[in-house]
Amino acid sequence: MSTAAEQAVADQKRALRAEVRSALKALSPDQRASEDLAIQTTILDSSWFKASKRLCAYISCQQLREVDTSKILAQCLPSNTGQEELAKDLYVPRVEDKNRNMRMLKITTMDDLVKSSMNILEPSPVDATGNDREDVLSSSSPVDLLLLPGQAFDRTGRRLGRGGGYYDTFLMKYQELAKEKGWNQPLLVALLYSVQIMDEGVIPVNSTDVPIDALVSSSGVIPISAAAVQRMQ
């Protein structure tokens, strides 16, 4: 892609982000809470979530108006005795620097999270015993699911992020690792409010934008890729 074309895509993305931010801001707290509940219930009740053993998921941030993930995270980390068999290996994001470097680190309790300089909850790099947390990129087993946020999505799998490139960079690294190891690729599932779904062709993309497998909104699941159609039936 030429520099002029790249700049045009960047400008289109910037304009669309501003448009979606305004739409999200206009959502009433009641509407957001209603959609949050519907989305999380759909995921928690799904066979594909229940079958997952290891997953990456984002910690929702209210200031960024991301779909709430608190119930999903709580389900992955059951604290009640007798529920251990429901627990899943959970990796959550930690932004390392401003150069698109984001790690997914394993946590076992919500107490493993600390507030970043941006006031966003992230895993501390070391656990309570002083050991480095397990990084999903150096784990010996694959994850089967990745729940991710974004600004805008369409039904063909296009995703518009916030512009930092953190998720696309991480996803490319993980997909390359899975290919090297001969692992199945994880399902990339985006959580979104109704105002974040765009008509086909509205979201501009370039070569570094990773397509997603499925969307979950308050209306239900939209499987996109062949893998999603097969695993989410």
Side-chain angles (χ1 to χ4, degrees), residues 36-60 66-78 83-94 102-110 112-113 121-123 133-150 153 155 157-159 161 166-192 196 210-233:
D36 283 336
L37 179 60
I39 291 164
Q40 292 190 94
T41 301
T42 294
I43 292 170
L44 292 172
D45 288 348
S46 71
S47 57
W48 47 270
F49 175 78
K50 289 175 181 174
S52 68
K53 301 292 183 197
R54 300 160 57 78
L55 71 153
C56 297
Y58 70 95
I59 310 286
S60 51
E66 292 173 335
V67 172
D68 186 19
T69 54
S70 58
K71 287 183 172 60
I72 296 166
L73 301 175
Q75 189 67 43
C76 295
L77 306 168
Q83 285 193 311
E84 288 81 7
E85 75 282 359
L86 297 174
K88 303 174 187 294
D89 286 344
L90 176 64
Y91 300 83
V92 297
R94 177 183 172 84
M102 179 179 80
R103 299 163 72 203
M104 287 278 183
L105 303 180
K106 187 176 180 180
I107 63 169
T108 54
T109 167
M110 294 303 280
D112 292 342
L113 303 174
L121 286 172
E122 294 184 327
R133 291 194 189 282
E134 184 181 308
D135 186 321
V136 77
L137 288 174
S138 54
S139 172
S140 56
S141 303
V143 292
D144 31 37
L145 184 60
L146 203 149
L147 302 179
L148 64 159
F153 309 87
R155 289 178 175 81
R158 290 185 172 197
R159 169 185 175 271
Y166 291 99
Y167 272 92
D168 287 317
T169 302
F170 168 78
L171 291 173
M172 283 193 279
K173 281 182 190 170
Y174 192 87
Q175 289 175 337
E176 192 55 45
L177 174 71
K179 201 192 285 183
E180 281 172 20
K181 300 270 192 180
W183 293 340
N184 287 333
Q185 293 289 350
L187 273 186
L188 307 183
V189 180
L191 282 54
L192 66 150
Q196 291 177 283
V210 177
I212 55 174
D213 294 301
L215 308 174
V216 183
S217 73
S218 56
S219 303
V221 179
I222 302 172
I224 297 164
S225 67
V229 170
Q230 185 181 14
R231 287 168 63 181
M232 300 175 112
Q233 283 175 336

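Starting from 1, each residue takes its place in the sequence as its number.
Applying the side-chain hydrogen bond (donor to acceptor under 3.5 Å, both in side chains) test to residues at least two apart or on different chains, the pairs with a partner in residues 136-149 are Arg54-Ser139, Glu134-Ser139.
Of the candidates Leu146, Leu145, Ile224, Leu188 forms a side chain to side chain contact (heavy atoms under 4.5 Å, CB included) with just one, namely Leu146.
The number of heavy atoms from other shown groups lying within 6.0 Å of CG (Asn184) does not exceed 12.
A donor-acceptor pair under 3.5 Å is formed between the side chain of Asp36 and the backbone N or O of Asp68. Lys88 places no side-chain N or O within 3.5 Å of a backbone atom of Leu73 that could act as its donor or acceptor partner. In this structure a side-chain-to-backbone donor-acceptor pair under 3.5 Å is present from Arg159 to Pro149. A donor-acceptor pair under 3.5 Å links the side-chain atoms of Gln40 to the main chain of Ser70, judged by distance alone. No donor-acceptor pair under 3.5 Å is formed between the side chain of Tyr167 and the backbone N or O of Met102.
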Atom pairs and distances, side-chain donor-acceptor, residues 41-49, under 3.5 Å, sequence neighbours left out:
| from | atom 1 | to | atom 2 | distance (Å) |
| --- | --- | --- | --- | --- |
| Thr41 | OG1 | Leu37 | O | 2.7 |
| Thr42 | OG1 | Ala38 | O | 2.9 |
| Ser46 | OG | Ile43 | O | 2.7 |
| Ser46 | OG | Phe49 | N | 3.1 |

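Nearest heavy-atom pair, Tyr174 versus Val136, reported as atom, atom and distance to 0.1 Å: CE1-CG2, 4.0 Å. The shortest heavy-atom contact between Leu55 and Cys76 is CD2-SG, 3.7 Å.
How far CD of Glu176 is from CG of Leu137: 11.5 Å, rounded to the nearest 0.5 Å.
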Check: What's the verdict on side-chain contact (heavy atoms from CB on, under 4.5 Å) for Asp112 and Leu105, showing C-alpha distance, side-chain angles and the deciding distance?
Finding: CA-CA 10 Å; Asp112 292 342; Leu105 303 180; over 6 Å; no
